[in-house]
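Notes to accompany the following structure.
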Amino acid sequence: MSDFPDDMPFFGEPDAPRKPQERPAGAEPSGIAARAMAARNQQRGEPTYLTGLNPEQRLAVETTEGPVLVLAGAGTGKTRVLTTRIAHIINQGLAYPSQILAVTFTNKAAREMRERIGVLLGDSVEGMPWLGTFHSIGVKLLRRHAELAHLRSDFTILDTDDVIRLIKQLIQAEGLDDKRWPARSFANMIDAWKNKGLSPSEISEGDARAFANGKGRELYEAYQNRLRTLNACDFGDLLLHPIRIFRTHPDILREYHQKFRYILVDEYQDTNTAQYMWLRLLAQRPQNKTRTDNPDGFSAQQGVNLCCVGDDDQSIYGWRGAEVDNILRFEKDFPGAAVIKLERNYRSTAHILGAAGYLISHNEGRLGKTLFTDAPDPDDARVQVHAAWDSEEEARAVGETIEQAQRHGHKLNNMAILVRASFQMREFEDRFVTLGLNYRVIGGPRFYERLEVRDAMAYLRVVAQGADDLAFERILNTPKRGLGDASMRQIHDYARERGIPMLEAAHDLVQTEELKPKPRSALREVVENFYRWQSLIDITPHTELAEMILDESGYTAMWQNDKTAEAPGRLENLKEFIRSMEDYESLRGFLEHVALVMDADKNENMDAVNIMTLHSAKGLEFETVFLPGWEEGLFPHQRSLDEGGRSGLEEERRLAYVGVTRAKKNLHIWFVSNRRIHGMWQSTIPSRFLDELPEAHVEIAEMDGNYGGYGSSGGYGQSRFEKADPFQNSYSTPGWQRAQQNRNDATRNNWGSRSGANVERIGYGETESSFGAGRGSVKGRTIDGEIVSKSVNVSTSDFKVGSRVFHLKFGNGTVAVVDGNKLTVEFDKAGQKRVLDSFVKPV
DNA sequence: AGCATGTCCATTTTT
DNA sequence: TGGACATGCT
């Protein structure tokens, strides 16, 4: 929390401001006076920040008392409501900034809110100390009460990497095979348990048994113990420790109840169970004592001043523990809650909203909103659905459309390609490189996750927190000092035996004869260095100290001596790393920032097309949006369907909804007939979501060119879509039911009905049927796209080496190798390819 | 210690 | 197919 001060005294009388300038403009310290002031404001006319809000937004801002759920659809001004509401509370003197708890999921959202509140309130009000992510606020709470969680207040926050390494050690210490029981998957299990708020004693018997021959619970316990001895926390603990503290120390909880007059939560649909418990503890005051607990008379109404903002239709993080149910249940959880729907959309055209609305209406279990707009749309551009032969052509065509738009004066920055899975990006990147079209990929690996930055961090962590064994292990032999596994083991064992940190153990060990001379002197040097750096921590500016550490440790030299291509880049990153420290007051502050934020600003000024996943597009908007890959198996993704069933499908549909609602003016959706998955070509069928788009708002785009040579001659490429009644049938047959059909039936039926529905493929449906029939042994239980995975372990192909076969994409060829149902075929024109036997037919 | 070879895997991502 | 990772060889 280095980036904003909490200069408001913590447990003081809430009504006695410490510093006069902390008083919000126009507000008086006491509740009664505040309300009087508010009344005066009313008489004078409404505050300017309220003008320009629509009635619903305004209601959401002004309903300050009691529980409120704001259902804010995409592009309905959610952030505006949230920030204005805070400004309103402060401006009306209902609370000081320090008495408002405002929680977001991402640092980005927190930053944005902070800025916008600043704009609303001007400079006269200091930043809000309790605005932040669940985790950053969790840290803040935990630092105050660390001892109640058996930690010191300078505990370290471990990231996923640290956690995995730690768990790996534990698994090995148990004498288990870390191959058979990968640390990563156990880390995921722990994470999932923590998302649900479960401590080792609370996990289900089944879960406990599921890992490491029934040692799951034991390992989880061992892990927690290890964290405690390391004086460390993982991300989950940042929530769980406060929860436990609140539960076991009602007095402490009560103090926070008094402190936080107003609680606001952003993206409520993304909360997991632990976050929900945390919120509930803070928000739910004991009913019977509401009055007496409120001596200051602030709370005019009984109940909680909790305002949750979210959109059940945009819940796309179920797979990482988010419980849509939290938002669906809100009114039950908080009786008497006001529910305010924001449905007026300020972002997209009516066509786009129409498409989005009809698509999402196929979900059950929603609270139900329909976005609308009054804004005229001069272009009257419908959503365009395009077909392409394969992913290569898809990329080519998208590239062409982008260039066309660019020629018409559209900025690349205003365009985005949103994919379901990141492997799809590559084809676009390749194409854009060829075209010389600027693009940027949003999402990829982060600055602080890079190897060299993590190494540098590890050095700093050992200096700042000598007990940080994970960091110590990471850099003990980086750069190489001849301190290999053997030395590491000795230090480790020595430390474990005595229960001391490894740095200390190393310090002791060099005094003994236990190490061989060479490692001993190397280790002595390391230890002496660290001790020296530690002694400098308070007397040397932290950036200078960091430079010193990297130089004297030989770390910088290591990269300077490295002749590989990436070394210069790494050195550059290290410089950038030091530079980024300048923004922080101290080493401690910096380390905390990195642990929680893992984010470094990049300077992106160029005009470039944005490429990212649908997930990372949430919250963003673009003039023109491309949504490629709308095919069964990819989108909706097969695994979501397999693992999540109906709710998995609904989450995929919400993801589609998120994608569609990112577009302001132009939306292009693409699907292809052939996609290479795991290196093998597969026929694909259009996504069921295409059937779920309303005819009135959608236009089937004609292919306007010869893409790739197959198109013009091969019969398919010149896609023709039947305009007559393209969507009619599919509504009566929900895609999901269709999906339950047996693969062969599904293949025939889908192609059959689809070619009569929105696609006409000359000669395709017929051929495909016969392909399917050629492989009767494969029984896909669920979805069409599944064949690949299902077919792997199935009987050997009917094809033989030397057979002549025909493939839709590659034409005629001769089978060269048969491997189960995978064939290597020497095609006459296309050369050697690996294909599934189901996609070729005998000639 | 560093390269060659084999093996396994293959959504989505924040903190 | 290709990449990440581990093992094993020189």
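The sequence lines fix the lettering, A, B, ..., with proteins before strands; numbering per chain opens at 1.
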Pick the P atom in C:dG3 and in B:dT12, then give their distance to the nearest Å.
15 Å

Whole angstroms only, please: what is the CD1-C1' distance between A:Ile677 and C:dG2?
15 Å

Does A:Ser616 reach a base, just sugar-phosphate, or nothing at all? Heavy atoms under 4.0 Å.
sugar-phosphate

Is the backbone of A:Thr133 close enough, under 3.5 Å, to the side chain of A:Ser136 for a donor and an acceptor to pair up by distance?
yes

Please pick, from B:dA10, B:dT15, B:dT12, the nucleotide with the shortest atom-to-atom distance to any side-chain atom of A:His678.
B:dA10

Does the ring of A:Trp319 meet both stacking tests against the six-membered base ring of B:dT12: centre distance under 5.5 Å and plane angle under 30°?
yes

Between B:dT12 and A:Arg639, counting only base atoms on the nucleotide and side-chain atoms on the residue, is there a donor-acceptor pair under 3.5 Å?
no

Identify, between A:Thr160 and A:Asn477, the residue whose nearest nucleotide on DNA chain B lies closer to the 5' end.
A:Asn477

For the pair A:Trp193 and A:Tyr220, name the ring-plane relationship: parallel under 30°, tilted 30 to 60°, perpendicular over 60°.
parallel

Polar contact flag, side-chain donor to acceptor under 3.5 angstrom, A:Ser580-A:Tyr448
yes

For A:Arg426, answer base if it contacts any base atom (sugar-phosphate contacts may also be present), sugar-phosphate if it contacts only those atoms, and nothing otherwise; contact means non-hydrogen atoms under 4.0 Å.
sugar-phosphate

Describe the nucleic acid contact of A:Glu652 in one word from base, sugar-phosphate, nothing, applying a heavy-atom distance below 4.0 Å.
base

From the candidates B:dT15, B:dG2, B:dT12, the one with an atom nearest any side-chain atom of A:Arg420 is B:dT12

Return the nearest nucleotide to the side chain of A:Arg320; candidates are B:dT12, B:dA10, B:dT14.
B:dT14

Donor-acceptor side-chain pairing of A:Tyr657 and A:Arg653 below 3.5 angstrom:
no

Tell me what A:Asp159 touches on the nucleic acid: a base, only sugar-phosphate, or nothing, going by heavy atoms under 4.0 Å.
nothing

Side-chain N,O (A:Arg446) to OP1/OP2 (B:dT14) below 4.0 Å
yes

